[in-house]
Amino acid sequence: MSDSRVHFDDIYLATEPYVRSVGQVRISTPGIGWKAAEGEAEALEGLAIPGLSLPAGMLALQREDLRRLQWQRMARGYGLRVYMKNGTVHRLDGFAADDFETLRDAAKRLLHGMALETRDISTKGWNWGRPDFEGTTMTFRVDNRPMFDLPMACVSNTNLANKNEVSIELQPPRGKGLKRKGAPDELVEIRFYVPGTTTTAVAADKKPGSDDEDAGEAVSVKDGDEEDEEEVSAASVFHDTIKERADLGQVSGDSIVQFSEILCLTPRGRYSIDMFSHFLRLRGKTYDYKIPYDNVQRLFLVSKQDELHMMVVVGLNPPIRQGQTRYPYLVLQFVRDEEAAVDLNFDADAAARRFEGRLRAHYDEPLYRIVANVFKGVTDKRLIEGGAFRGYHGSQGIKASLKANEGTLYPLDKGFLFAPKPTLYIPHSEIASIVFSRVEASSTNKMRTFDLKLNMHGSQDYQFVSINREEHATLEAYLTEHGIKMLSELGESTEVSYKGMDVDSDDGGAAAVQALGIGSDEESSEDEDYVAGSDVDVPEEFDENYESAEEDDE
């Protein structure tokens with residue numbers, strides 16, 4: 001070990017969740033460095049960690065940019081938290097307990113006497129405490145000791161659940177090499193109960209970037225009278241602080257394009273859409289969402305049954321949430337004839353220049369087409385439009401119902417789309433067979449609709465009901481063209497066919513009797529107690545010559 005440099009092996013970079021890249025830490029006069037071991041740099045691909053250079057897999061932290069060093073117990077033994085002056089917090093873990101003294105002496109000797117603090121974690125198990133914001137991290141303290149940390153970069157949404165309750169939805173950022181499948185269990189939502197009220201002056205002080213003059217102006221109406229200060233809920237102040245620290249609030253002037261007051265069918269309401277270089281903001285009156293473009297899985301553009309409106313369907317994974325309700329699809333509705341002229345601001349963000357090959361600087365066409373093309377450009381996903389299928393009346397879809405929900409079923413080139421609620425996409429590859437129900441018409445079955453059941457491979461089946469009988473021919477031709485196996489309900493349950501059965505006609509009545517087994521050999525066997533001709537000798541009561549047995553005796 002050299003006096004001018006200290007190194008530690010098998011140390012993990014834990015600045016971002018799900019990183020499993022191990023390397024070596026070096027502390028020297030220029031600062032602190034971490035270098036991924038051979039073959040470990042691939043796990044860092046796609047991450048945007050300040051100071052991390054790729055594909056070399058090197059993290060360089062300059063000495064003049066360091067603010068604090070903390071030593072604490074971690075999941076992998078012990079770890080080092082490095083606080084930067086710009087608010088970023090880097091985490092390096094995997095140290096042994098014996099490394100503390102070596103690390104403390106190295107920081108003091110090589111980093112201009114910087115102290116290595118010890119961070120003791122609270123283990124009391126209380127569920128009440130005080131939140132402290134430091135840089136891009138919120139620390140929840142219990143009895144003046146940290147209990148857990150919430151990185152603001154992982155906050156995807158926050159809402160006021162009620163007057164005193166704030167909900168925070170979490171979604172850890174993932175790079176290209178970090179897949180959701182196979183990841184460990186994670187926290188997706190946490191709620192804080194924030195009682196009490198506070199004055200607007202205190203609220204102004206809590207907001208980052210506010211100064212004393214602004215705080216003084218926010219204090220109340222009457223000069224020097226503290227009783228007249230305007231009070232606000234402490235929960236709303238906490239909610240606003242989360243939004244600003246997590247960069248969830250409205251930002252003007254640096255978005256690529258903005259679409260205002262777009263009608264959204266799922267979730268219901270009008271939302272403004274702000275498109276940035278790596279994510280979009282969906283802002284409504286109650287809920288705000290930050291949706292990374294990596295979460296967009298599919299894009300659809302279809303026409304509604306009335307031929308007056310168009311729908312842009314955006315598939316999301318993971319879905320956005322409102323309380324316990326999950327929305328895996330965004331369904332945006334537009335008037336077909338609504339025209340718009342939109343200019344894109346590529347200078348808003350240097351990273352947005354990569355879209356110049358997929359987006360145009362100026363759009364002058366129907367609004368639904370502009371929104372669909374912009375989503376296609378920023379997400380780099382294929383836009384799936386209505387296929388060659390046309391219903392009986394020439395529409396792209398057919399009217400149907402899924403359980404109690406009315407909607408439109410769109411037979412596309414590679415699957416079925418049901419919209420608007422609940423929005424569902426079923427690829428052809430997942431369909432085992434399709435069963436038609438209540439199709440055959442007769443004098444006893446005069447229904448004008450039929451049902452369609454989709455039998456799936458290893459998942460729940462779907463049944464669409466109340467489909468107009470006129471759509472049967474076009475739908476059957478579509479299934480035949482795409483090679484999807486079709487079955488009839490009767491053929492699946494029994495070999496007896498009731499097609500054309502008409503009990504009112506002579507031939508139909510005979511067929512019905514034969515189909516039901518009436519007149520078979522078993523039924524036509526003679527009754528041993530029956531005496532032939534006895535019914536002829538018995539007089540009927542309506543016969544005018546009828547004589548009872550009593551009269552004969554007389």
Side-chain angles (χ1 to χ4, degrees), residues 7-28 30-72 74-76 78-95 103 107 111 114 119 133-139 148-156 170-180 183-184 186-187 245-248 276-279 290 292-295 349-352 354:
H7 67 86
F8 301 90
D9 296 326
D10 298 332
I11 303 300
Y12 290 86
L13 177 64
T15 301
E16 294 287 354
Y18 305 114
V19 175
R20 297 182 177 88
S21 185
V22 67
Q24 184 184 78
V25 171
R26 295 181 180 180
I27 301 178
S28 58
I32 300 176
W34 177 87
K35 187 179 188 322
E38 184 178 356
E40 295 287 334
E42 297 179 358
L44 304 173
E45 183 181 356
L47 294 178
I49 299 177
L52 180 65
S53 59
L54 294 172
M58 296 183 63
L59 176 66
L61 307 177
Q62 300 299 322
R63 181 182 59 190
E64 55 272 14
D65 296 332
L66 303 178
R67 189 165 61 88
R68 293 171 59 193
L69 297 176
Q70 281 187 346
W71 172 273
Q72 76 169 63
M74 305 287 284
R76 301 184 184 102
Y78 290 84
L80 179 67
R81 297 165 58 93
V82 182
Y83 292 83
M84 310 298 293
K85 292 181 179 179
N86 61 2
T88 305
V89 180
H90 294 281
R91 296 171 178 82
L92 302 167
D93 64 355
F95 292 93
L103 193 60
L111 301 178
M114 181 170 290
R119 190 172 189 249
F133 292 90
E134 186 172 6
T136 58
T137 302
M138 188 201 79
T139 301
F148 62 86
D149 299 324
L150 279 182
M152 292 293 100
C154 297
V155 177
S156 61
L170 304 172
Q171 180 182 316
R174 294 178 175 84
K176 295 181 180 179
L178 303 175
K179 302 299 183 182
R180 184 177 182 86
E186 62 189 46
L187 179 67
R245 296 283 182 165
D247 195 23
L248 297 177
F276 295 87
S277 58
H278 292 91
F279 62 91
K290 179 181 178 181
Y293 294 141
D294 293 338
N295 292 2
D349 192 340
R354 72 180 189 276

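The analysis underlying the following values was restricted to heavy atoms, covering all of them including side chains, and did not include hydrogens, waters or symmetry mates.
Scanning for ring pair (Phe, Tyr, Trp, His ring centres under 6.0 Å) contacts around Tyr293 gives an empty result, with sequence neighbours left out. Partners of Arg81 by side-chain contact (heavy atoms from CB on, under 4.5 Å), not counting sequence neighbours, listed by chain and number: Gln70, Gln72, Tyr83, Val89, Arg91, Arg119, Asp149. Evaluation of the salt bridge (Lys or Arg N to Asp or Glu O under 4.0 Å) rule for Arg68 yields Glu117, Glu134 as partners, not counting sequence neighbours.
Taking all atoms of both residues into account, the shortest heavy-atom contact from Ser21 to Ala36 is OG-CB, 3.9 Å. Residues Phe8 and Leu103 come closest through the heavy atom pair CE1-CD1, 3.7 Å. Residue Ala107 comes nearest to Leu69 through the heavy atom pair CB-CD1, 3.9 Å, listed as atom of the first residue, atom of the second, then distance. Between Pro50 and Leu59, the shortest heavy-atom contact is O-CD1, 3.6 Å. Shown here for Leu66 and Lys85, the closest heavy-atom pair between the two residues is O-CE, 3.5 Å. Scanning both residues, Ala14 and Asp93, for their nearest heavy atoms gives CB-OD1, 4.0 Å.
Distance check, rounded to the nearest 0.5 Å: CG of Asp10 to CZ of Phe95 gives 11.0 Å. Atom CG of Leu150 is separated from atom OG1 of Thr139 by 8.5 Å, given to the nearest 0.5 angstrom. Interatomic distance, Ile27 CD1 to Met114 CE, rounded to the nearest 0.5 Å: 11.0 Å. Ile32 contributes atom CD1, which lies 11.0 Å from atom CG of Asp65 (distance to the nearest 0.5 angstrom). Rounded to the nearest 0.5 Å, atoms CG (Leu52) and NE2 (His90) are 9.0 Å apart.
Not one N or O on the side chain of Lys290 forms a donor-acceptor pair closer than 3.5 Å with the backbone of Val155.
Side-chain contact check for Met152 versus Phe133: some heavy-atom pair is nearer than 4.5 Å. With contacts defined as side-chain heavy-atom distances shorter than 4.5 Å, the pair Leu80/Ile11 does not qualify.
More than 12 heavy-atom neighbours from other residues, nucleotides or ligands sit within 6.0 angstrom of CE on Met74. Environment of CD in Glu64: crowded, with over 12 heavy atoms of neighbouring residues, nucleotides or ligands closer than 6.0 Å.
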